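Note sheet for the following structure.
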Amino acid sequence: MIIACAAAITLAVIFRPIAKSPTVEESELTWDRDPVASAAVGQVEGRPVVVTGDLDGMVRVWDLATRQLVGKPMTGHTSIVSSVTVAQVDGRSIAVTLSVDGTMRVWDLATHQQVGEPMNGHNGNMAAVGQLKGRTVIVTGGADGAVRVWDLATRRPVGEPITGDTVESVSAVAVTQVKGRAVVITGGRNETVRVWDLATRRLVGKPMIGHTNSLEAIALGQVGGRRVIVTGGSDDSVRLWDLTTHHLLGQLPGHADAVYAVAIAQVDGRPIAVTGDLKGTVRLWDLTTLRLLGKPATGHTDAVKTIAVTQVDGRQVAVTVDDDYRMRVWDLPAIPR
């Protein structure tokens, strides 16, 4: 996706008690700085951070508690940073970034140094980090419909790409373990959710069919001890699936526009889905009851393309980025019993 330049970013950060009604809340600070194209959350030396990929090609780390930039921007990309993924590898916090410049880079978030050489000629949309036979791998989904696996240590592809027989552009990937084997979950323009064995490159079970337009986002979580997938699509729907059986558990009604971002949080011990759509609306859902919680949160002026959840000072927060290159941080409220 080619992204045009924009003006300054609005960063919204909350420093208030958790709301007592099921509506996300925010307060705003405005900084004159380069706009954000992508973001992910993580921990660096025990502090919660958000890592941003910006329109100027920089990768920046922000302390979510103090709202301050941590260290210098990380340089190397020569164009828009379209995707950021944060992971813990051998006790070290890293970020994996994809750029319109065709490279994928890995960064040490403590030292702000690039780890190894960039991986060139890449056309990935999204990336996820996981384990395969004792080694750390990066799994990417591409606009060409291929899913590629990269060895983090050697920077080389692992085996042949996963292509399937009907796969088109892959817009969402997630990596996890199911019954002791490493799997990647994919979604894209073929409207299905698929699970692949990372070692054999074979499809695991039947595709999950239900979306009627391209699938845009995937999140993994647990509901009542059951491993689940939450998906958002261009068909304006949010769906909940059983990761083990591949059965559809339900559809979350409420969005009237394409859903481009989803995340799962635990609030007061209850699984909550946070979703964002084409009109910039952010919504909360109780995944136990499949009910919409309160009124939608508004404030974004364009499609919400990124949602990530983390904890700041004991509170659950959600970080969102929209196509107007604004990032906001929302307080996820206490949920009445």
Side-chain angles (χ1 to χ4, degrees), residues 12 14 16-26 41 48 172 174 176 185 187 193 208 210-211 215-300 303-322 328-337:
I14 308 92
R16 64 174 67 178
I18 294 177
K20 295 305 180 183
S21 61
T23 304
V24 290
E25 296 190 8
E26 63 156 353
V41 296
T176 190
I185 301 146
V193 186
M208 287 166 259
H211 284 285
L215 192 144
E216 303 292 345
I218 291 173
L220 301 177
Q222 289 201 3
V223 177
R226 176 186 305 186
R227 302 281 301 282
V228 299
I229 308 168
V230 174
T231 57
S234 292
D235 58 358
D236 309 345
S237 76
V238 181
R239 296 172 186 264
L240 180 68
W241 311 83
D242 187 305
L243 176 57
T244 303
T245 66
H246 296 196
H247 290 160
L248 179 65
L249 300 176
Q251 183 171 336
L252 310 182
H255 281 288
D257 296 285
V259 178
Y260 287 123
V262 300
I264 298 177
Q266 292 287 328
V267 179
D268 295 340
R270 298 171 71 180
I272 303 299
V274 188
T275 61
D277 67 21
L278 177 68
K279 294 293 180 63
T281 301
V282 178
R283 296 175 184 267
L284 297 182
W285 313 83
D286 187 320
L287 289 179
T288 302
T289 63
L290 302 184
R291 296 183 64 180
L292 182 65
L293 294 172
K295 296 180 179 179
T298 58
H300 282 294
V304 175
K305 291 296 185 71
T306 298
I307 298 177
V309 295
T310 189
Q311 191 172 89
V312 179
D313 295 333
R315 305 191 315 272
Q316 290 289 336
V317 301
V319 177
T320 57
V321 178
D322 67 20
R328 297 175 185 269
V329 183
W330 306 85
D331 213 351
L332 298 184
I335 308 300
R337 297 276 176 182

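The shown structure was predicted, so the numbers you read here are calculated from the model rather than taken from an experiment.
- Using a 4.5 Å heavy-atom threshold, the side chains of Arg328 and Val282 count as separate.
- Here the closest non-hydrogen pair linking Gly210 and Asp235 is O-OD2, 4.5 Å.
- Heavy-atom minimum distance, Gly276 versus His255: C-CE1, 4.4 Å.
- Taking each heavy atom of Ala219 and Ala263 in turn, the nearest pair found is CB-CA, 3.9 Å.
- Here Leu215 contributes atom CG and Arg239 contributes atom CZ; the two are 9.5 Å apart, rounded to the nearest 0.5 Å.
- If you take OG1 on Thr288 and CG on Leu290, they are separated by 8.5 Å, rounding to the nearest 0.5 Å.
- Nearest heavy atoms, Gly280 versus His300: O-CB, 3.4 Å.
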Exercise. Decide yes or no on side-chain contact (heavy atoms from CB on, under 4.5 Å) for Thr231 and Val259, but give the supporting numbers first.
Key: CA-CA 9 Å; Thr231 57; Val259 178; over 6 Å; no
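- For the side chain to side chain contact (heavy atoms under 4.5 Å, CB included) test with Val312, the passing option among Val329, Val319, Asp331, Val317 is Val317; the others fail.
- Of all heavy-atom pairs spanning Val262 and Ile218, the tightest one is CG2-C, 3.8 Å.
- Within the 4.5 Å cutoff, the side chain of Leu284 has no heavy atoms near those of the Val267 side chain.
- Note that NZ of Lys305 and CD of Glu216 are 7.5 Å apart. Values are rounded to the nearest 0.5 Å.
- When all heavy atoms of His211 and Trp241 are compared, the closest pair comes out as CD2-CZ2, 4.2 Å.
- Using modelled atom types, no side-chain atom of Asp277 and backbone atom of Ala258 make a donor-acceptor pair closer than 3.5 Å.
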Practice problem: Check the pair Ile272, Leu293 against side-chain contact (heavy atoms from CB on, under 4.5 Å), reporting the backbone distance first and the verdict last. | Solution: CA-CA 9 Å; Ile272 303 299; Leu293 294 172; 3.7 Å; yes
Quiz item: Would Ile264 and Val309 count as a side-chain contact (heavy atoms from CB on, under 4.5 Å) if you check the C-alpha gap in whole Å, the side-chain angles of each, and the deciding distance to 0.1 Å?
Solution: CA-CA 7 Å; Ile264 298 177; Val309 295; over 6 Å; no
Exercise. Take Leu278 and Tyr260 through the side-chain contact (heavy atoms from CB on, under 4.5 Å) test and state the conclusion after the steps.
Key: CA-CA 7 Å; Leu278 177 68; Tyr260 287 123; 3.6 Å; yes
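- In this structure, OG1 in Thr245 is found 8.5 Å from CE in Met208, a value given to the nearest 0.5 Å.
- Interatomic distance, Thr275 OG1 to Leu252 CG, rounded to the nearest 0.5 Å: 7.5 Å.
- In summary, of the residues considered (Val223, Val230, Leu240, Val228), a side chain to side chain contact (heavy atoms under 4.5 Å, CB included) with Pro271 occurs for Val223 alone.
- Taken from CG in Leu332 to CD in Gln266, the straight-line distance is 11.5 Å, to the nearest 0.5 Å.
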